[in-house]
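Step one of this worksheet: look at the structure below.
In what follows, every chain begins at residue 1, and chains take the letters A, B, ... in the order their sequences are listed. All values derive from a computational prediction rather than experimental measurement.
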4 protein chains.
Amino acid sequence: MLQTRTKQMDIGLIGTGPMGSGMARTLLRAGHKVTVYNRTRQKAEALAADGATLADSAAAAAGCGIVITMLANDDAVENTVFGADGVLAGLTRGGIHISGSTISVDLSKRLTEAHQGLGQGFVAAPVLGRPPAAESGSLFVMAGGETAAIERVKPVLTDLGQKLFLVGDQPFQANLMKLCCNFLIFSTIEQLAEVFAIGAKGGLEKETIFSVLTESFFTAPVHKNYGRIIVDGAYDPPGAKLGLGAKDNRLFLEAGAELAVPLPFASILRDRFLASEAKGDAERDFCVIAERAAEDAGL
Amino acid sequence: MLQTRTKQMDIGLIGTGPMGSGMARTLLRAGHKVTVYNRTRQKAEALAADGATLADSAAAAAGCGIVITMLANDDAVENTVFGADGVLAGLTRGGIHISGSTISVDLSKRLTEAHQGLGQGFVAAPVLGRPPAAESGSLFVMAGGETAAIERVKPVLTDLGQKLFLVGDQPFQANLMKLCCNFLIFSTIEQLAEVFAIGAKGGLEKETIFSVLTESFFTAPVHKNYGRIIVDGAYDPPGAKLGLGAKDNRLFLEAGAELAVPLPFASILRDRFLASEAKGDAERDFCVIAERAAEDAGL
Amino acid sequence: MLQTRTKQMDIGLIGTGPMGSGMARTLLRAGHKVTVYNRTRQKAEALAADGATLADSAAAAAGCGIVITMLANDDAVENTVFGADGVLAGLTRGGIHISGSTISVDLSKRLTEAHQGLGQGFVAAPVLGRPPAAESGSLFVMAGGETAAIERVKPVLTDLGQKLFLVGDQPFQANLMKLCCNFLIFSTIEQLAEVFAIGAKGGLEKETIFSVLTESFFTAPVHKNYGRIIVDGAYDPPGAKLGLGAKDNRLFLEAGAELAVPLPFASILRDRFLASEAKGDAERDFCVIAERAAEDAGL
Amino acid sequence: MLQTRTKQMDIGLIGTGPMGSGMARTLLRAGHKVTVYNRTRQKAEALAADGATLADSAAAAAGCGIVITMLANDDAVENTVFGADGVLAGLTRGGIHISGSTISVDLSKRLTEAHQGLGQGFVAAPVLGRPPAAESGSLFVMAGGETAAIERVKPVLTDLGQKLFLVGDQPFQANLMKLCCNFLIFSTIEQLAEVFAIGAKGGLEKETIFSVLTESFFTAPVHKNYGRIIVDGAYDPPGAKLGLGAKDNRLFLEAGAELAVPLPFASILRDRFLASEAKGDAERDFCVIAERAAEDAGL
């Protein structure tokens, strides 16, 4: 988190998986009052010891007036928001729903409309970073939504991460931005995979390639983190499973279809994800798509 | 350059274009004796004022015992080395040819063999960086060749750049490594181009996208330098023309063919380069390939 | 149609667009009793003059015991079958629903299950051919479903086309087979488009290329019909609009995703369809995707 | 052959592999005088029994005034034409060289220029068909060259095949047309391979798919011949090895590079050929590239 906030806020948080739990603890440390809800109640209980209050339904958590959802996919968000005892039902007129999940552009638009229709605010604020960054408050947060709504929840967004980007006044724009970031991660894996494949057949050591790249022009976290995973073949146990990457790439392609944008690199990634699934890598880390280039080269 | 060398060496340098001239001045500043040769003599003359000696032929420059070639492409290197009054003819037994150009794996192998046959050493030492980096001695140098040869010219290689990578004991490995780096540059341009295209159609500002990326996970020089060019549409005047990029991508694909490595991303780049040529962008910077994704999206 | 049937059957037909109307008239000519329904009643009225009876709802048409749906897309089929006064509601136990539309593998599976749950039969019988073939009874029909169900409606399927293929005992297999056929059409267009593009830049006449191909190894209807359209640039008025082709290609890719099958050619077609939409060709014939290869070549 | 010719001509034929031998016998049957030359003399000797005369050099065969070359690749043609005792040296002023081989656009242009410079004629006349078609005179011949030259050798070209196509007045245009035909063969294999792969995972029998396709819209020799090979997995022994297909696809891509034409399907084929080589299929029929789509689907 960037600084200690002086103003305590009352925040609901729905979805206490590794990401959501980390965010809850970060908000508690920042001095906020946090009420959590998880469909499987047990997963939320550990947070009570950290100072969180447990709610019995999504609607109850939404009763806080500001509610964050941090869920696995479109379906989970849809059920939690539109379902019985859901966010829409529990949020007061003037309340704000912050969606931190990586969801589709299409669902983001439907959420915007639904909340608007009830006089509620909607801010999409997907994040970049894995669970440890959620725990330490060092996520990157990219927010989209109407200025007034953003302003009201800015203290929360600021406390959640090391950096807050305001990307546009339509919530879906933040979701699109997030899908772009994930696409850049996946396509960097493929870039590196092709390089490691041709390098191997030319007799270059993986570590040598990794050094040359990450100590010259290719020094970004995306190069170092994912390059390291490929060099080590560290696909088990998975940090994030194949299906999760496949889903985000599919959402990116769907956004391309909706906006009429050909995306040739993303199409190649689609085939990498599908081939990985077909070859039995569903339970491994999604970075395993890097194996496909090696395999095609007979390695 | 990393440090001032104490041992003065006698070095020939062939090819005094923007890159070669910068390298010559860097070596002069480091205290070496530098003899330059350029096919078009005028281009070499300016270096006399900086302390270089002018040679009348490639063979004469090679007479220094250590000779660097820094030329535009395979053809130029081939003519300069194998031609009449060329490097092969001028280099003494035990002399060493350092090839700094970005050339094909195939030519690198033929050069290795030819020099070996005459008892001469061959080191491939392509560089990463543009002319200003050559001038200031801040290139990245990746060297391949037999250990003994590398050791003898290490002071030169060290003085040329900010960092020296030893990538393998076969010279072609350094050329392959360099082609990999260039492929990563080209494919990063395509990555970003797809992101800027879908972003534009979703109403995101280019500067916003650039900030989010380069201030989060995508902070490498390759992201910042090339992203900035795309955001600004700074393709004229060209830093390096379309054909130069097209050539390097072609060499990468040819290396893939020789080593039997499918390279789907590089194939897409091939089509981007060809479409750019077909549409009249031959005289612009090669980064103009980023326009193709935008165009396909109707922008 | 293959032969005059002796056994008159009582058939409902839902969806009287160009395809459905042609099929209705073909069945009437074969001596069947045909009851038609269309959401926009006017479009069905012309068939009364040909001897068809008009129904007031999909359920009423389904009351015939055998009902054919011939609709534009998944949504239309879903509404007509599952909706109020729909096919599921109107079909008697033991009745059979023949789905002639090009729909998704996923919807086909859901229809199979829904009908089964009510003791109704479901046969998928998508067709190959355009409206004139539907009128003249010269469609190709590919049917999937349980043997018993297929046997019962075989006279109908046989009367509809010049040839009936039994592709498998699961209805979705017929839908998959149909998507494969459409993919072969689209990818043949791209094949030809690349050939015409490079031919044009090499100074070859389109008619010359067309002759060489269609009089040697490439003599199939798919070559002749679509090759002719490309040679003539006959994209207006459309025989079938861009969106129709785009939809079928999307369904093919979705089937690939569900079955974990990478489909690189189909991904390229995806980009061709999207680029065509982005460039304003939505109201033209889907064969206009052939323009993209030409455009990329600067033509 | 189309008809019996009355006018006997004096023809040299260089390259008596399976294709060239078949062509020689077809010309002999048509009543021509045929002088053959092969680098490995034994391979030509069998033709003596059929009435051919044996020459001792390419130059000697070219002495006939009309000489056909039917060789494996660019290198063989280049050596045979430009080498010592080659075609250029042996052909009289006014003589005509007919190149039947599948060669590059680039070499065709160089041959055109070289022959022109010596007052000789050059006609490119590549053929479509395998050895049995060469034997029976049922090849498809596509010829390019100046009208006067074509007219003079028309009887020969007509006798060689079942059909003669005149494609343009520049020889390279015939070579380009031939590369286009081969590209259509390769890309049809990939089309079918993707269909068989998704079909298999959907439980469709290969024979069923083959029937539906080849008895409906996909009835061309290219569908039936290559579809049958894939269905039977008949890759051994090879009719034509992997490298032969890979070479022709490479020449097609090179023509695309020279003419600035992006060719996305051909790029995918490139990767299929390379992956096949990498996986040990070099000695199998080139149709084995169809295995790649199956493999990527985990089959």
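Atom CZ of C:Phe218 sits about 4.5 Å away from atom CD1 of D:Ile185, to the nearest 0.5 Å.
Contact count against chain D (heavy-atom pairs under 4.5 Å) is highest for C:Pro264 among C:Ala260, C:Pro264, C:Gly199, C:Pro262. The candidate with the highest count of non-hydrogen atom pairs below 4.5 Å against chain D, out of C:His223, C:Gln173, C:Glu258, is C:Gln173. Residue with the most contacts toward chain C among D:Ala193, D:Gly202, D:Gly168: D:Gly202 (heavy-atom pairs, distance under 4.5 Å). Ranked by heavy-atom pairs shorter than 4.5 Å toward chain D, the options C:Leu184, C:Val222, C:Val195 are led by C:Leu184. When C:Glu215, C:Gln170, C:Lys224 are compared by the number of non-hydrogen pairs under 4.5 Å with chain D, C:Glu215 comes out ahead. The candidate from C:Glu205, C:Glu190, C:Met142 with the greatest count of non-hydrogen atom pairs under 4.5 Å with chain D is C:Glu190. Per-residue counts of heavy-atom pairs under 4.5 Å with chain C were compared for D:Leu192, D:Leu176, D:Ile198; the largest is that of D:Ile198. No other option in D:Ser211, D:Ser216, D:Gly129 has as many heavy-atom pairs under 4.5 Å with chain C as D:Ser216.
Heavy atoms from other residues, nucleotides or ligands lying under 6.0 Å from CD of D:Glu146 number 12 at most.
If you measure heavy-atom distances from D:Phe252 to chain C, the contacts under 4.5 Å come from both the backbone and the side chain. With a threshold of 4.5 angstrom between heavy atoms, C:Ile268 approaches chain D through side-chain atoms but not through N, CA, C or O. For C:Thr208, the part lying under 4.5 angstrom from a heavy atom of chain D is the side chain only. Both the backbone and the side chain of C:Thr188 have a heavy atom closer than 4.5 Å to some heavy atom of chain D.
Between C:Phe217 and D:Phe140, the angle of the ring planes goes over 60°, which puts this pair in the perpendicular group of the 30/60° scheme.
Within residues 225-234 of chain D, no residue approaches chain C closer than 4.5 Å by heavy atoms. Using a 4.5 Å cut-off between non-hydrogen atoms, the part of residues 286-299 of chain D that approaches chain C consists of D:Asp296, D:Ala297.
Formation of a donor-acceptor pair under 3.5 Å by the C:Glu194 side chain with backbone atoms of D:Phe265 is found in this model.
Here the closest heavy-atom approach between residue D:Val212 and residue C:Val167 is recorded as CG2-CG1, 4.0 Å.
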